Amino acid sequence: MTEAATAERVLDVRQIPHQQRHEIIPRLFDSLSPGQGLQIVVDHDPRPLKYFFQAVHGDDCQWTYLEEGPDLWRVQLRRAA
């Protein structure tokens with residue numbers, strides 16, 4: 001694993017109210033430097049969030065499912081280098 005991957009922040013949002021999630025996650029992504037990533041852990045498929053990032057950030061946000069349910073989803077968001 002690379003140093004960047006080991007330093008990647010993991011945010012478990014399962015206990016955070018939905019409205020707050022949609023404020024926190026974009027703010028954290030905006031603070032990433034090119035090449036940095038952030039992992040999101042959630043209890044449902046965060047597809048609407050994926051569409052949001054596609055609309056706002058386009059190819060600058062690389063979205064990768066690391067785990068896909070049924071009880072836990074883990075997604076990596078990475079700012080393009």
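Keep in mind the model is a prediction, meaning the values are calculated, not measured.
- To the nearest 0.5 Å, atom CG of residue D60 and atom CG of residue L32 are 9.5 Å apart.
- Counting only heavy atoms from C-beta outward, the side chains of I24 and V13 never approach each other to under 4.5 Å.
- Note that the NE2 atom of H22 and the CD1 atom of I16 stand 11.0 Å from one another [nearest 0.5 Å].
- Within the 4.5 Å cutoff, no side-chain heavy atoms of V56 are placed close to those of P26.
- Residues P34 and A81 approach most closely at CB-CA, 3.9 Å, considering heavy atoms.
- L38 and Y51 end up in different hydrophobic clusters when Ile, Leu, Val, Met, Phe, Trp and Tyr side chains are linked at under 4.5 Å.
- Side-chain atoms of K50 and V75, non-hydrogen and from C-beta on, never get closer than 4.5 Å to each other.
- Residues passing the salt bridge (charged side-chain N to carboxylate O under 4.0 Å, His left out) test with R9: none are found, sequence neighbours excluded.
- Rounding to the nearest 0.5 angstrom, the gap separating the NE2 atom in H44 from the CG atom in L49 is 8.0 Å.
- Ring-plane geometry between W63 and F53 is classed as tilted, the angle between the planes lying from 30 to 60 degrees on a 0 to 90 degree scale.
- With sequence neighbours excluded, the residues forming a side chain to side chain contact (heavy atoms under 4.5 Å, CB included) with Q19 are E23, listed by chain and number.
- Of all heavy-atom pairs spanning L77 and C61, the tightest one is CD2-SG, 4.0 Å.
- E68 places none of its side-chain heavy atoms less than 4.5 Å from the side chain of D45.
- Residues V10 and V41 meet the side-chain proximity criterion, which asks for heavy atoms closer than 4.5 Å.
- Between R14 and D43, the closest heavy-atom pair is CG-N, 3.7 Å.
- Side-chain atoms of L28 and I40, non-hydrogen and from C-beta on, never get closer than 4.5 Å to each other.
- Around the CG atom of D30, the shell of radius 6.0 Å holds more than 12 heavy atoms that belong to other residues, nucleotides or ligands.
- Residue R78 forms a side-chain hydrogen bond (donor to acceptor under 3.5 Å, both in side chains) with just one option from E8, Q36, Q62, and that option is E8.
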